[in-house]
Amino acid sequence: MSSISPADRVFILTGAGVSAESGIPTFRGVNGLWRNYRIEEVASPHAWARDPWLVWEFYSMRRRVAAAAKPNPAHFALDKLEQRLGNRLSLCTQNVDDLHEQAGSLRVVHMHGELFKSRCDGCSRPPFRDTNTYDPPAELPRCECGGRIRPHICWFGEVPFDLDRIFRALDECTVFIAAGTSGVVEPAASFVAHVAGRARTIYVGPENPANASAFTECHLGKAGEVLPNLFTQVS
Ligand code: OAD
């Protein structure tokens with residue numbers, strides 16, 4: 001148990017484990033495969049170029065699962081912390097669902113994109129809300145410019161969103177918390193090393209992540225059980 005003082009600035013990184021208790025499967029757990037594909041094989045520019053239908057089937061499945069999910073106590077605990085800390089808290093998620101927003105969080109940075117948004121792969125039209133599911137044999141969705149509509153997701157080999165803003169917040173934080181992330185996907189896996197030595201670094205999840213040695217505290221347990229009780233005092 002620890003406390004947050006008025007001088008603290010808190011950076012929170014969430015991963016798939018935070019949505020696990022809402023029924024959204026993690027990527028690298030026992031059910032981490034989709035139709036025998038690893039995530040890296042369906043979430044890449046290469047996959048999009050080779051078989052866009054396979055990619056849309058994968059994201060349509062994920063849209064259906066996420067549309068049925070509700071936030072769990074972990075999401076609500078982080079919203080409560082934001083209500084106490086205001087802009088002294090930065091919430092950065094690798095998750096593409098909208099469960100943090102559904103729980104009430106206002107300042108969410110989606111570094112890997114958002115499941116319920118799409119964009120054109122050919123023009124600079126801004127990403128737009130899109131809750132549709134696309135399945136063959138329909139036509140692939142097209143933009144007015146003729147380009148193909150793709151999920152607004154950062155795929156393997158692409159640069160995550162908002163990195164400037166994220167590193168500014170990392171540079172300012174005095175408390176770093178990672179929850180429900182296996183610590184293998186870069187650049188998020190190295191955020192803890194970036195702040196180590198000058199910030200308290202806390203991990204929350206049922207097992208140690210791959211980068212556990214960089215954390216000063218690992219609280220082993222489900223995010224929905226640990227996060228609501230992580231801080232005894234918040235001021
Ligand atoms: P992973 O699937 O790699 O890891 C999920 C982590 O959540 C594991 O370490 C589990 O131990 C932990 N976990 C499981 N249940 C939990 C619970 N109830 N509470 C807390 N933790 C729990 O997911 P990420 O680390 O988020 O990227 O994966 C990072 C990125 O890899 C994803 O954003 C995605 C994926 O490929 C893209 O799609 C670009």
Side-chain angles (χ1 to χ4, degrees), residues 13-67 69 92-100 108-122 127 130 132-136 140-141 147-163 166-167 170 178-194 203-215 223:
L13 171 69
T14 62
V18 163
S19 294
E21 289 159 78
S22 296
I24 299 181
T26 60
F27 296 100
R28 295 175 182 78
V30 276
N31 299 317
L33 291 179
W34 175 68
R35 290 185 6 190
N36 293 327
Y37 292 97
R38 285 184 301 123
I39 172 84
E40 292 82 357
E41 292 172 302
V42 276
S44 71
H46 179 67
W48 182 244
R50 192 189 53 209
D51 190 351
W53 263 132
L54 180 76
V55 176
W56 262 125
E57 280 186 83
F58 177 63
Y59 284 100
S60 294
M61 177 277 294
R62 292 187 60 194
R63 281 184 178 180
R64 285 187 198 99
V65 172
C92 171
T93 186
Q94 298 166 88
N95 298 343
V96 296
D97 62 56
D98 60 359
L99 296 181
H100 284 304
V108 190
V109 174
H110 282 273
M111 65 179 291
H112 288 167
E114 293 175 71
L115 192 53
F116 294 114
K117 286 187 180 173
S118 296
R119 67 176 196 262
C120 176
D121 74 356
D130 183 8
N132 293 320
T133 53
Y134 302 105
D135 293 285
L140 275 171
R148 292 177 304 188
I149 298 296
R150 58 163 277 180
H152 181 51
I153 300 285
C154 170
W155 287 329
F156 286 89
E158 296 183 323
V159 179
F161 302 106
D162 291 320
L163 285 181
I166 290 168
F167 276 96
L170 284 169
T181 176
S182 54
V184 295
V185 173
E186 296 292 357
S190 292
F191 289 174
V192 63
H194 186 80
Y203 182 75
V204 175
E207 62 201 355
N208 279 331
N211 54 359
S213 62
F215 288 91

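Throughout, numbering of the chain's residues begins at 1 and tracks the sequence.
Counting only heavy atoms from C-beta outward, the side chains of Pro209 and Thr181 never approach each other to under 4.5 Å. For the pair His110/Phe161, no side-chain contact is recorded, criterion being any heavy-atom separation below 4.5 Å from C-beta on. Annotation: side chain of Asp130 is in contact with side chain of Arg63 (closest heavy-atom distance under 4.5 Å). Side-chain contact between Gln94 and Leu13 is present, with at least one heavy-atom pair separated by less than 4.5 Å. Taking 4.5 Å as the limit, every side-chain heavy atom of Tyr59 sits out of range of all side-chain heavy atoms of Thr133. In this structure, the side chains of Glu57 and Pro136 come closer than 4.5 Å at one or more pairs of heavy atoms. Considering only heavy atoms from C-beta on, Val55 stays 4.5 Å or farther from Arg50 through its side chain. Under the 4.5 Å side-chain criterion, counting only non-hydrogen atoms from C-beta, Asp98 is not in contact with Leu115.
Listed by chain and residue number, nothing satisfies the ring pair (Phe, Tyr, Trp, His ring centres under 6.0 Å) test with His112 (two or more places apart in sequence, or in another chain). Taking the side chain to side chain contact (heavy atoms under 4.5 Å, CB included) definition, one finds that Glu207 meets it with nothing, sequence neighbours left out.
Between the Glu40 side chain and the Ser44 main chain, no donor and acceptor come within less than 3.5 Å of each other. At least one donor-acceptor pair under 3.5 Å links the side chain of Asn95 to the backbone N or O of Gly15. Between the Asn211 side chain and the Ala214 main chain, no donor and acceptor come within less than 3.5 Å of each other.
The aromatic rings of Phe167 and His194 lie perpendicular to each other, with more than 60° between the two planes, well past the 30° mark.
Nearest heavy atom pair, residue Gly113 against residue Val96, reads O-CG1, 3.4 Å. The two residues Arg119 and Pro151 come nearest to each other via the heavy atoms NH1-O, 4.3 Å. In plain terms, the two heavy atoms of Pro141 and Trp56 that are nearest each other are CG-NE1, 3.8 Å. Taking all atoms of both residues into account, the shortest heavy-atom contact from Cys154 to Glu158 is SG-O, 3.5 Å. The two atoms that bring Met61 and Trp34 nearest to each other are CE-CD1, 3.4 Å, heavy atoms only. Contact detail for Phe27 and Ile39: the closest heavy-atom pair is CE2-CD1, 3.6 Å.
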For this session: List the steps and the verdict of side-chain contact (heavy atoms from CB on, under 4.5 Å) for Tyr203 and Val192.
Result: CA-CA 10 Å; Tyr203 182 75; Val192 63; over 6 Å; no

Exercise. Lys117 and Ile153: side-chain contact (heavy atoms from CB on, under 4.5 Å), yes or no, with the steps?
Worked result: CA-CA 8 Å; Lys117 286 187 180 173; Ile153 300 285; over 6 Å; no

Problem set entry | Derivation of the side-chain contact (heavy atoms from CB on, under 4.5 Å) call for Leu140 and Arg150 | CA-CA 9 Å; Leu140 275 171; Arg150 58 163 277 180; over 6 Å; no

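Geometrically, Arg148 engages Trp48 in a cation-pi contact defined by less than 6.0 Å to the ring centre and at most 45° from the axis.
Using modelled atom types, one finds no donor on one side chain facing an acceptor on the other under 3.5 Å when comparing Asp135 with Ser60. Thr93 and Thr14 share a side-chain donor-acceptor pair at under 3.5 Å.
Once rounded to the nearest 0.5 Å, the distance linking NE2 of His152 with OG of Ser118 reads 9.5 Å.
A salt bridge is defined here as a Lys NZ or Arg NE, NH1 or NH2 lying under 4.0 Å from an Asp or Glu carboxylate O, and Glu114 with Arg62 fails to meet this definition.
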